[in-house]
Amino acid sequence: MITGQDGALWTRDAVSLATLIAEGAATATQVVESHLERIEQADFEIGALTTVFSESARAEAAAADRRAPKGPLHGVPVTIKNNLDVAGSPTTWGVAAFGQAVATADAPAVSALRRAGAIVIGRTNMPDFATRWHTDNDEAGPTVNPWNPTRSPGGSSGGDAAAVATGMTPLGLGTDFGGSLRVPAAFCGVASLRTTPGRVAVASSLSGAAPAPTNQLFAAPGPLARTVRDLTTAFEVLSDSADLRDPGWIPVRDATDTVLPAVAVTLGDDIDPQVRAALLGCADALERAGYPVAELDPPQLGEVAADYGRLVSTEVVVQRREAMRRVGSAGLNTFVDAAIDLFPPLDLAGYMTALGERLTRRAAWSRFLAEHPIVLGPVSDELPWPVGYDLGGTAQVATMYAAHRLTIAANYLALPAVTVPAGVSAEGLPIGVQLITAPFAERRALTAAAYIEAAFPMSTPISPATDPATRNQARSIGSGTTR
């Protein structure tokens, strides 16, 4: 793998770029041009971006160069996932039929990034309806894992993760409803932060049905980056995203630890040996830093994953299944059919009971986190899946759910989580771990993640692994069609 550490501006992280611009060592125009050139060079191989705002990004960069820095991301390019509004651009959710759904205003998180001086350089690919752990759709086609084109880049924020990993952007903005930030970050060798629901305001300028209850309870936006320092800066920016369109936004004072909190390391029984070894290495790094560490499973992981599956499956059938059949891709519908088979929809009484039981599950975790404020575990028990694995039927989808049970738990329980790279497998695939903590304690997880990052630095950005034969095969398999 050829790394991109050649000193070019596109190889720098967001904070470094903002510093160079503030000190006059580089201009915003130079930074934007470097990233536009990198997109032109690399995205043909990857398919991470669906729209590149070349003209507006250049104009915004020129304007930024005429004024004093106005925020911590002044002149820094960012990319935005296709389910978050960017004014004047369609919010397609990866669905070709939504190509005319042009947003009239930015999403609150996008507005916050702009207030901090960031320049939106492009929109990124995602699976249609954000409903696969792989990134592909009929609108833009697949996104390829830059480490190995036969392996999935994850989903649903796969476009941003691949773009960050290859230097097309230093910072991406995605969302996480069932691991959609953390799985792509782990599979592409970058870092991500799933914020606490309510920490970052969420709203759309587009009309339509209100989000389903689980979406309102489980989902949260957050950044992807190559460094924990960038995640921390982006988190500070995104926390200031108050918007009257979102009455659920919660202004809170960050939790502050006076001593290093205890860490529970959860490994499970069926974890890949290389993922297990990476986790144990991370636990050792935290222990060397002074954290009390113990191997201990948090409560009711299996029950939490099953409850998540049943609730989401029920809402998909009631609210979105017909639309998915009508305008969704073959791959989407194959995956959804298997997921519904795995978790048959509940009747109204069952749905209400399952939703009510969530309080009991959250209380159990609250007690656990009071004793062990950080849970260190895998994002996935497995290395990045082969492209097309999620289209292999109910048994393979069941395997994926089981491998992602800790990741799903954070969504179901409305907890924040940081993903950080923890090494590279013998097959040359990145391994990511996550640190889950209590609501609104993002800084606690970010602080611990920085120790892991220091112990296991990742040599990103990388140049895409190129193999036209395997790449084209991956593209046809991942779509669920022969297009």
Side-chain angles (χ1 to χ4, degrees), residues 13-16 18-19 72-73 170-171 176 181-182 185-186 189-200 220-240 252-266 278-296 298 365-366 368-379 406-407 410 413-423 431-458 460:
D13 65 25
V15 172
S16 296
T19 300
L73 296 174
L171 193 65
D176 193 312
L181 284 163
R182 288 162 289 153
V190 300
S192 72
L193 168 63
R194 168 188 151 79
T195 57
T196 307
R199 168 72 87 165
V200 180
L224 301 99
R226 292 190 295 273
T227 67
V228 174
R229 181 176 68 168
D230 280 2
L231 290 184
T232 303
T233 297
F235 168 66
E236 293 167 351
V237 168
L238 294 172
S239 296
D240 185 22
V252 295
R253 185 179 297 276
D254 296 326
T256 302
D257 294 316
T258 55
V259 297
L260 292 178
V263 177
V265 184
T266 179
L279 272 169
L280 292 174
C282 293
D284 288 344
L286 292 179
E287 200 162 33
R288 289 194 301 272
Y291 286 83
V293 176
E295 185 177 332
L296 190 64
W365 271 69
S366 182
F368 184 86
L369 289 171
E371 297 294 328
H372 302 86
I374 296 175
V375 175
L376 170 65
V379 174
L406 182 64
T407 294
L413 300 161
L415 300 176
V418 174
T419 296
V420 63
I431 300 172
V433 300
Q434 64 180 321
L435 301 104
I436 300 171
T437 190
F440 304 105
E442 286 91 344
R443 290 185 188 280
R444 175 184 295 150
L446 287 164
T447 298
Y451 286 106
I452 294 174
E453 178 182 62
F456 302 100
M458 183 65 77
T460 49

**Student:** Got Leu369 and Val375 here, is their nearest side-chain heavy-atom distance under 4.5 Å?
**Tutor:**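 The answer is yes; the side chains approach within 4.5 Å.
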**Student:** Kindly compute the distance separating CG (Asp13) from CG (Asp230), expressed to the nearest 0.5 Å.
**Tutor:** 4.0 Å
**Student:** To the nearest 0.5 Å, what is the distance between CG (Leu181) and CD (Gln434)?
**Tutor:**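 One finds 11.5 Å between CG of Leu181 and CD of Gln434.
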**Student:** At their closest point, which heavy atom of Val228 faces which heavy atom of Leu446, and how far apart are they?
**Tutor:**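 Smallest heavy-atom distance, with atoms named: CG1-O, 3.4 Å.
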**Student:** Which pair of non-hydrogen atoms, one from Pro378 and one from Thr266, has the smallest distance, and what is that distance?
**Tutor:** CD-O, 3.5 Å
**Student:** Show your reasoning for whether salt bridge (Lys or Arg N to Asp or Glu O under 4.0 Å) applies to Arg443 and Glu236.
**Tutor:** CA-CA 10 Å; Arg443 290 185 188 280; Glu236 293 167 351; 3.4 Å; yes
**Student:** What distance do Leu231 atom CG and Glu442 atom CD have between them, rounded to the nearest 0.5 Å?
**Tutor:**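 The CD atom of Glu442 is 11.5 Å from CG of Leu231, to the nearest 0.5 Å.
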**Student:** Under 3.5 Å, side chain of Arg182 to main-chain N/O of Thr407, donor-acceptor pair present?
**Tutor:**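 Flag set: sc Arg182 to bb Thr407 pair under 3.5 Å.
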**Student:** Counting distance only, does the side-chain N/O of Thr196 pair as donor-acceptor with the main-chain N or O of Pro439 below 3.5 Å?
**Tutor:**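 No, because the side chain of Thr196 does not come within donor-acceptor range (under 3.5 Å) of the backbone of Pro439.
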**Student:** With no hydrogens and no angle check, is any side-chain donor or acceptor of Thr437 less than 3.5 Å from a backbone partner on Ile374?
**Tutor:** no
**Student:** List the atom of Ala185, the atom of Leu224, and the distance in Å for their closest heavy-atom pair.
**Tutor:** CB-CD2, 4.3 Å
**Student:** Where do Ala186 and Thr419 come nearest, in terms of heavy atoms and distance?
**Tutor:**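 The pair with the smallest heavy-atom distance is N-CG2, 4.0 Å.
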**Student:** Less than 4.5 Å apart, any side-chain heavy atom of Phe368 and any of Leu296?
**Tutor:** yes
**Student:** Roughly how far, to the nearest 0.5 Å, is the CG atom of Leu238 from the OG1 atom of Thr233?
**Tutor:** 10.5 Å
**Student:** How many angstroms lie between CG in Leu260 and CZ in Arg444, if you round to the nearest 0.5 Å?
**Tutor:**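 So the gap between those two atoms works out to 11.0 Å.
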**Student:** Test Ile436 against every option in Leu413, Leu415, Val418 by the side-chain contact (heavy atoms from CB on, under 4.5 Å) rule and name the one that passes.
**Tutor:**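 The option that passes is Leu415.
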**Student:** Side chains of Thr460 and Arg226: do they bring a donor and an acceptor to under 3.5 Å?
**Tutor:** no
**Student:** Would you say Thr227 and Glu453 are linked by a side-chain donor-acceptor pair, where the criterion is simply a distance under 3.5 Å?
**Tutor:**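 Note: Glu453 and Thr227 side chains miss the donor-acceptor criterion.
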**Student:** With a 4.5 Å cut-off on side-chain heavy atoms, are Asp257 and Thr447 touching?
**Tutor:**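 A side-chain contact under 4.5 Å is absent here.
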**Student:** Do Thr232 and Arg229 touch side chain to side chain, with heavy atoms closer than 4.5 Å?
**Tutor:** no
**Student:** Which atom names give the shortest non-hydrogen contact between Ala264 and His372, and what distance separates them?
**Tutor:** CB-CB, 3.9 Å
**Student:** Which heavy atom of Ala410 sits nearest to which heavy atom of Arg194, and what is that distance?
**Tutor:**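 That closest heavy-atom pairing would be O-NH2, 3.4 Å.
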**Student:** Nearest 0.5 angstrom please: Leu286 CG to Leu435 CG, how far?
**Tutor:**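 Those atoms lie 6.5 Å apart.
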**Student:** Ignoring hydrogens and geometry, is there a side-chain-to-backbone donor-acceptor pair from Arg199 to Phe440 under 3.5 Å?
**Tutor:** yes
